There are 2 protein chains.
Amino acid sequence: MMRGTGKGTDTSKGTSKGKSKSKGSRRDEIVGIAMELADDQGLRAVSMRAIAERMGVTPMALYAHVDGKEGLLDELHGRVLGELPVLDRDLPWDEQLRAGARAVRASIRSHPGASLLIFERPAMGQTAIRVVEELYRVMLAAGVPAHDVARRERLFSTWLLGFAVSEGGGRFSPGRLSTRERRATAGGAALPVHEGLAEWLDRPVDWDAEFEADLEDMIALIRGAR
Amino acid sequence: MMRGTGKGTDTSKGTSKGKSKSKGSRRDEIVGIAMELADDQGLRAVSMRAIAERMGVTPMALYAHVDGKEGLLDELHGRVLGELPVLDRDLPWDEQLRAGARAVRASIRSHPGASLLIFERPAMGQTAIRVVEELYRVMLAAGVPAHDVARRERLFSTWLLGFAVSEGGGRFSPGRLSTRERRATAGGAALPVHEGLAEWLDRPVDWDAEFEADLEDMIALIRGAR
DNA sequence: ACCTGAACACCGTTCAAGT
DNA sequence: ACCTGAACACCGTTCAAGT
């Protein structure tokens, strides 16, 4: 396991734009409280003032440790994938891929609020880039030709992140509507295909099973790229 | 083409929770201005006060036509996929799927701000449910067994929406970092696989070509489900 | 039916000042 | 190095009142 995004490790105080500020422990505390707020009450409940109040400090005190609200959200974004297992390179590539995908899904499910940031920010953090490094390695191990590795990594990640964020963020809820509700929200229009499939559509979805089935499909797609 | 989500069509003043309010034209104007703000300045620039100011009216005047900020965002969400072509049923299923996917991508690209709402809200609007109806029909035409139609529709949609929202929302930008930048943001850690792939990773990405290639992969996956 | 005005409880962020 | 206090320009939403 590699835990966190590197507490004392990050000696560069200006990773890209300059203003990272302070050395770590106080900033980690701020980001930790922000993550708690996001986990418990959603991303919109994350405010400088609410964080400051929980720390027993003035809102302005935060600005010495964090690059404003936007910088704080960047930090939150970086931490969604902040605790991922290193993959066992002795396993077959597809087993490594399953393990990595399950870990990413679990991490996103435990931070549904912050995970919404994934689609509105570039995947540029330390952890994110290491995850991509691992995925590239697995793709090559699977026999994907070098010129196609980047696209297939993006295809796999897009599905994986899309699935997990949909689960936690709300796109997949409320599971499925009943046939009656569907008819109503369609404005009374006929939905003949829905009605023909009612037997299947009215069952509750087993999201764990769906994730595993999708995962096997995506693995088959990578296997076929050889 | 079916345009809009139904101006005078929506006679039910309470689709699910009661407070839709007013008959249409004024609400359409409000939502239109909100969409302009989201398109031009991002989702966070959408505020009741900014909309009211553009309309030359008091913020409170909006509450007669729209169910608060949250209701307004629901409306915006519903309109992202609000102008989609009806598919030509005489075409082969895979051609229908290509046409539908390209239309969805185009619609999301023209509303990148509002498209971020896709992953945090259930896909329950009128248009959304009609799109799903079309996708179900195409899946059946492709020979997907009835018990597997819903999962495969979600798998396809998750990729499609994930790709398009990533493009417009920022996950895919700034394209790819240079090898040097990658090394820096990884905290100085070695990225041997990245470096081995540098020849490919340092090229700019052709997103249109990538979308088409992914689309063919997803179609192959559906074809394989027979 | 549609809109206003005042008010309330919030935001993020600046600046100068304190220790 | 770290924090405060006052101030500024914003938010969404309530309520009672106007026409």
Side-chain angles (χ1 to χ4, degrees), chain A residues 7-8 10-11 13-14 17-35 37-38 40-77 113-114 116-117 120-121, chain B residues 7-8 10-11 13-14 17-34 37-38 40-77 113-114 117 120-121:
Chain A
K7 293 204 177 195
D10 189 358
T11 50
K13 61 190 167 196
K17 279 187 181 169
K19 278 194 175 184
S20 297
K21 299 187 179 180
S22 111
K23 284 173 308 172
S25 71
R26 198 80 171 126
R27 183 174 64 186
D28 284 354
E29 192 187 344
I30 293 169
V31 180
I33 290 173
M35 190 63 100
L37 280 166
D40 298 347
Q41 309 183 49
L43 199 56
R44 308 183 66 186
V46 177
S47 77
M48 302 299 275
R49 297 178 114 105
I51 295 164
E53 196 181 20
R54 284 209 184 188
M55 292 179 70
V57 107
T58 256
M60 285 318 302
L62 307 180
Y63 286 78
H65 305 98
V66 134
D67 206 12
K69 176 85 180 278
E70 209 58 26
L72 178 67
L73 293 180
D74 284 343
E75 218 87 43
L76 236 44
H77 172 244
L116 293 169
L117 297 167
E120 53 182 295
R121 277 172 165 70
Chain B
K7 295 206 173 192
D10 189 359
T11 51
K13 60 187 170 201
K17 279 187 182 171
K19 280 194 178 182
S20 298
K21 299 186 181 182
S22 109
K23 284 174 305 175
S25 74
R26 198 80 170 123
R27 183 173 65 186
D28 284 354
E29 193 187 343
I30 293 170
V31 180
I33 289 175
L37 280 165
D40 298 348
Q41 311 182 47
L43 198 56
R44 308 184 64 188
V46 177
S47 76
M48 303 299 274
R49 297 178 114 106
I51 295 165
E53 195 181 22
R54 284 210 184 188
M55 292 179 70
V57 108
T58 258
M60 284 321 302
L62 306 180
Y63 286 78
H65 305 98
V66 134
D67 205 12
K69 176 83 181 278
E70 209 57 27
L72 177 68
L73 293 180
D74 283 343
E75 217 86 44
L76 236 44
H77 171 245
L117 296 167
E120 52 183 295
R121 277 169 165 70

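What you are looking at is a predicted structure, and each value in this text was computed from that prediction instead of being measured. Just so we're on the same page: letters track the sequence lines, and every chain starts at 1.
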Novice: Give the rounded distance in Å between these two atoms: CE of A:Met48 and C1' of C:dC10.
Specialist: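 Distance, rounded to whole Å: 16 Å.
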
Novice: Can you tell me the distance, in whole Å, between the CG atom of A:Leu37 and the P atom of C:dC11?
Specialist: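 Value for this atom pair: 10 Å.
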
Novice: Starting at atom CZ of B:Arg44, determine the distance to atom P of C:dC11, rounded to an integer number of angstrom.
Specialist: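 The distance from CZ of B:Arg44 to P of C:dC11 comes to 14 Å, rounded to the nearest Å.
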
Novice: What is the distance, to the nearest angstrom, from the CG atom on B:Leu62 to the C1' atom on C:dA1?
Specialist: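 Distance, rounded to whole Å: 15 Å.
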
Novice: Could you state the atom-to-atom distance from CD of A:Glu53 to P of C:dA9 in whole Å?
Specialist: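 That distance rounds to 14 Å.
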
Novice: Can you see if the side chain of A:Arg26 gets near the phosphate of D:dC3 - specifically, an N or O under 4.0 Å from OP1 or OP2?
Specialist: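 Yes, A:Arg26 has a side-chain N/O under 4.0 Å of OP1/OP2 on D:dC3.
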
Novice: What are the two closest heavy atoms between A:Ala45 and A:Ala50, and how far apart are they?
Specialist: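 It is O-CB, 4.2 Å.
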
Novice: Is the phosphate of C:dC3, meaning OP1 or OP2, less than 4.0 Å from a side-chain N or O of B:His65?
Specialist: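 Yes, within the criterion.
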
Novice: Grab the NZ-P distance between A:Lys69 and C:dC10 for me, whole Å please.
Specialist: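 The answer, rounded to whole Å, is 15 Å.
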
Novice: Tell which nucleotide pairs with D:dA7, taking only Watson-Crick or G-U wobble pairs whose two distances are both under 3.5 angstrom.
Specialist: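 D:dA7 is paired with C:dT13.
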
Novice: Establish, with yes or no, whether the OP1 or OP2 oxygen of C:dT13 is under 4.0 angstrom from a side-chain nitrogen or oxygen of A:Arg49.
Specialist: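 False: A:Arg49 side-chain N/O out of range (4.0 Å or more) of C:dT13 OP1/OP2.
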
Novice: Which value, rounded to the nearest 0.5 Å, describes the distance between B:Met55 atom CE and B:Leu62 atom CG?
Specialist: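 Answer for the CE-CG pair, B:Met55 versus B:Leu62, is 6.5 Å.
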
Novice: OP1, OP2 of C:dC3 versus side-chain N and O of B:Thr58: anything below 4.0 Å?
Specialist: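 No, no such contact exists.
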
Novice: Let me have a per-nucleotide readout for nucleotides 14-19 of chain C, 5' to 3', with B, S or -, counting only protein heavy atoms under 4.0 Å.
Specialist: BB----

